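Per chain, numbering begins at 1; letters A, B, ... match sequence-line order. Computed from a predicted model, the values in this text were never measured in an experiment.
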Protein chains: 2
Amino acid sequence: MNRIKDIAKKANVSAGTVDRVIHNRGGVSEKTRVKILKIIEENNYTVNPIASILASKKKFTIATLLPRATSNNDFWQSPKEGVIASADEIHSLGIDVLHFEFDQFRPESYIEAFYKLLESDPSAVLLAPVLHKETIEIIHLLDQKKIPYVTINAETEGLNNLSYIGQNSYKGGYLAGKLMNWVLPPNATILIVEIRKNIDNHKAITNRIKGFKAYFDEHKKKKSIQHITIDQLDNENFVNQSLATFLEEYPQTKGIFVPSSKAHHIAKSIQILKRKDIEIGGFDTTPQNIDFLKNEHIDFLISQKPYQQGYEGIKLLFNYLIHKKEPLKNYFLPIEIVLKENVDYH
Amino acid sequence: MNRIKDIAKKANVSAGTVDRVIHNRGGVSEKTRVKILKIIEENNYTVNPIASILASKKKFTIATLLPRATSNNDFWQSPKEGVIASADEIHSLGIDVLHFEFDQFRPESYIEAFYKLLESDPSAVLLAPVLHKETIEIIHLLDQKKIPYVTINAETEGLNNLSYIGQNSYKGGYLAGKLMNWVLPPNATILIVEIRKNIDNHKAITNRIKGFKAYFDEHKKKKSIQHITIDQLDNENFVNQSLATFLEEYPQTKGIFVPSSKAHHIAKSIQILKRKDIEIGGFDTTPQNIDFLKNEHIDFLISQKPYQQGYEGIKLLFNYLIHKKEPLKNYFLPIEIVLKENVDYH
DNA sequence: GTTTTTTTCGTGTACGTACACGAAATTAAT
DNA sequence: ATTAATTTCGTGTACGTACACGAAAAAAAC
């Protein structure tokens with residue numbers, strides 16, 4: 001038996017007093033406080049979290065702020081699923097998780113969702129700061145209210161976030177470089193396809209490209225690396241045209257690196273152009289990407305483990321709120337290589 | 001409010017009666033039983049596990065039966081760490097996890113540990129049935145006592161296990177085949193190095209080899225694949241000799257596949273023999289293997305995610321015992337590719 | 001020394017469920 | 001109809017902690 005009662009008896013005080021000491025609620029003389037702490041120490045007593053949660057009326061709520069998944073194919077579906085799975089596990093432990101979503105291409109919807117989130121007065125927040133500028137502008141409201149927050153997916157500097165959970169984008173690109181080098185013959189030309197213009201917020205993509213190039217630099221593989229940017233991804237003809245034009249100009253192109261989750265668009269065009277000799281590598285195992293991985297028009301994908309970002313993020317906040325467990329500042333998730341041969345166990 | 005009391009009130013019975021229905025403890029007329037079940041359904045009431053655990057005196061214990069890790073470098077260190085981490089998380093929820101270990105090369109120690117485990121009268125068991133024959137002989141004692149058990153790491157047929165958690169070895173070998181093919185020039189000879197003779201229990205290794213060869217068969221890559229078996233791994237000279245002899249006979253050898261966790265021994269010899277042109281692939285990210293991965297004498301490793309095997313195994317049993325959540329029969333963990341470039345985030 | 005203020009701490013109830021005990025209701029036996 | 005046997009169910013207490021309330025003790029003010 002090692003209950004609050006037992007500690008109390010050993011200290012010749014009541015359970016209430018011990019409780020006050022444990023929770024730093026004051027109203028206890030320094031003398032008895034020290035005595036009780038010593039006895040707690042000696043008996044290495046710890047509160048029974050089960051009883052504690054039951055007795056405590058205070059309900060914790062964690063709010064999440066993530067881009068809305070526009071379809072089941074969307075990248076953002078996965079973090080959401082991870083969040084929900086984690087939330088389910090801790091729901092019975094008195095934690096509620098509220099979801100707030102925004103349109104990642106409409107900054108104003110981000111701000112709007114953020115304010116709604118604030119109104120819910122959460123105990124903690126999980127957010128994906130993909131809109132960098134806006135995040136910097138409003139994040140101080142969380143600091144001000146002393147609401148702890150964890151960021152996922154987008155590494156962002158200058159935040160007082162409790163932790164970041166996600167991938168090291170540079171290393172992800174670097175690994176992509178290695179894989180691309182593996183699958184390509186010597187002296188091939190590589191094309192890097194960027195998708196949107198002026199996306200100041202997608203630092204991750206920039207870092208991936210840096211990492212990708214760094215691999216070739218460091219290994220003295222003198223490959224020609226070209227860039228194009230394709231804006232109108234939804235316009236299939238436009239994509240085909242852009243690629244066809246490029247490939248005419250650079251016939252030695254044997255590899256295409258897509259540093260975003262949109263490799264499947266490129267793979268589709270390459271399929272239409274009947275260029276079986278071109279290897280494609282990209283990021284994120286969305287259903288569409290997986291389709292092209294399976295039919296061998298995409299050679300490799302690198303997963304950011306988005307599900308885990310959501311899952312671990314919620315779990316971390318739970319441990320912080322309930323068990324007062326101080327997390328690390330950064331949790332870099334494994335950089336997972338997904339090929340046709342292992343995608344099914346992914 | 002959705003408490004047992006509320007359900008009781010709606011059904012015009014007392015909380016005790018509802019409790020009896022929930023736990024199938026009998027002593028309730030069919031009529032009221034059905035009524036209560038209906039009301040529970042309608043209000044989708046679920047017991048509060050917190051209060052339930054607190055009120056329940058019954059303590060669950062999960063026993064584990066795993067090979068002893070002979071050093072921190074040992075493969076079996078990881079599942080153990082996963083088990084411990086998972087056990088820590090649920091300890092406060094009233095679950096104790098007891099560890100039983102054996103020497104995987106002494107079957108009698110396995111039997112001995114098994115009987116000790118039985119004496120502890122666990123609520124459930126997690127075991128790695130690496131000793132196949134012995135497992136088949138004694139596992140019925142668990143069935144007999146109706147103790148549910150989960151197996152990890154070694155896929156074994158003919159067991160009444162609740163679940164299996166581990167890798168699909170065949171697919172692991174198949175993937176290794178693809179990677180080996182990527183890194184090798186055409187027309188290279190490949191050597192498969194088996195480590196111990198007569199290990200009837202390591203079905204996984206056999207399956208990996210099958211998968212490995214299947215890749216080359218299916219892709220019509222006419223590579224010459226040779227085998228050797230090296231017994232005395234600890235005898236470094238012997239290993240060097242064996243490899244040197246083989247390489248003399250087959251000078252075209254450019255790749256070595258080690259379908260076990262012992263690739264580092266081979267890598268060391270190849271390093272000594274100064275054959276930088278030979279690529280090595282193996283399994284399991286033990287510290288020693290990682291060392292050779294980092295110094296580029298091993299090209300790739302495939303991880304079985306041993307930590308997750310332990311972690312998820314305990315978690316699954318917890319959910320089964322406490323939340324009565326029926327698990328799937330098989331949980332095949334991701335087949336993770338580990339290269340020098342992503343090993344640090346592993 | 002008395003009263004007032006402040007500090008310190010003990011008591012009691014609540015959290016939601018589990019389960020023992022025994023009372024009430026129903027059914028069976030006479 | 002009475003008693004006995006059986007079924008059905010209500011009550012009460014326990015699990016260990018949190019926290020409000022207010023009493024007792026100590027300190028301060030007069």
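Contact between the side-chain N/O atoms of B:Thr17 and the OP1/OP2 oxygens of D:dC9 is not found at any separation under 4.0 Å. Side-chain nitrogen and oxygen atoms of B:Ser52 include at least one within less than 4.0 Å of the OP1 or OP2 phosphate oxygen of C:dA18.
Counting non-hydrogen atoms of other residues, nucleotides and ligands closer than 6.0 Å to CD of A:Glu42 gives a total above 12. The 12-atom threshold is not exceeded at NE2 of A:His91, counting heavy atoms of other residues, nucleotides or ligands nearer than 6.0 Å. Residue-environment remark: NZ (A:Lys10) exceeds the threshold of 12 foreign heavy atoms within 6.0 Å.
Note on residues 22-35 of chain A: pairs passing side-chain hydrogen bond (donor to acceptor under 3.5 Å, both in side chains), not counting sequence neighbours, are A:Asp19-A:His23, A:Asp19-A:Arg25, A:Ser29-A:Thr32, A:Glu30-A:Arg33.
The CD1-P distance, from B:Ile50 to C:dC15, rounds to 16 Å in whole Å. Atom CZ in A:Phe60 sits roughly 13 Å away from atom C1' in D:dA18 (whole-Å rounding). Between the P atom of D:dC19 and the NZ atom of A:Lys59 lies a distance of 13 Å, rounded to the nearest Å. Summarising the geometry, the separation between CZ on A:Arg3 and P on D:dG16 is reported as 5 Å, rounded to the nearest angstrom. Atom CD1 in A:Ile22 sits about 6 Å away from atom P in D:dA18, given to the nearest Å. A straight line from CD1 of A:Ile4 to P of C:dT11 spans 14 Å, rounded to a whole angstrom. Distance CG (B:Leu54) to C1' (C:dC19): 14 Å, rounded to an integer number of Å.
With B:Asn43 contributing its side chain and B:Tyr45 its backbone, the two residues share no donor-acceptor pair below 3.5 Å. With B:Asn44 contributing its side chain and B:Glu41 its backbone, the two residues share no donor-acceptor pair below 3.5 Å.
Each end of the helix from C:dG1-D:dC30 to C:dT30-D:dA1 gets its own axis from five base pairs, and the two axes differ in direction by 50°, given to 10 degrees.
Remark: B:Val28, B:Ser29, B:Thr32 in residues 28-45 of chain B come within less than 4.0 Å of DNA chain D through at least one heavy atom.
At the heavy-atom level, B:Asp19 lies under 4.0 Å from base atoms of the strands shown. Within the 4.0 angstrom heavy-atom criterion, no nucleotide atom of any strand lies near A:Asp6.
Under the rule for a ring-ring contact (aromatic ring centres under 6.0 Å, His included), the partners of B:Phe318 that lie at least two apart in sequence or sit in another chain are B:His323. Residues satisfying the salt bridge (charged side-chain N to carboxylate O under 4.0 Å, His left out) test with B:Lys5, not counting sequence neighbours, are none.
Of all heavy-atom pairs spanning B:Gln104 and B:Leu131, the tightest one is O-CD2, 3.4 Å. For the pair B:Leu126 and B:Gly313, the tightest heavy-atom approach, listed with the atom from each and the gap, is CD1-CA, 3.6 Å.
The 5' end of DNA chain C is approached more closely, in terms of each residue's nearest nucleotide, by A:Asn12 than by the other of A:Asn12 and B:Asn2. Where B:Gly27 and A:Ala55 meet DNA chain D, the nucleotide closest to each residue was compared, and B:Gly27 sits on the side nearer the 5' end.
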Pick out the pairs of N or O atoms, protein on one side and nucleotides 20-28 of chain C on the other, that lie under 3.5 Å.
none

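Between A:Tyr110 and A:Phe114, the angle of the ring planes lies from 30° to 60°, which puts this pair in the tilted group.
Side chain of B:His23, nearest nucleotide from C:dA18, C:dA14, C:dT11: C:dA18.
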* Evaluate the salt bridge (Lys or Arg N to Asp or Glu O under 4.0 Å) criterion for residues A:Lys9 and A:Asp6: first the C-alpha distance (whole Å), next the side-chain angles of each, then the deciding distance (0.1 Å), finally the verdict. => CA-CA 5 Å; A:Lys9 191 179 285 176; A:Asp6 305 308; 5.6 Å; no
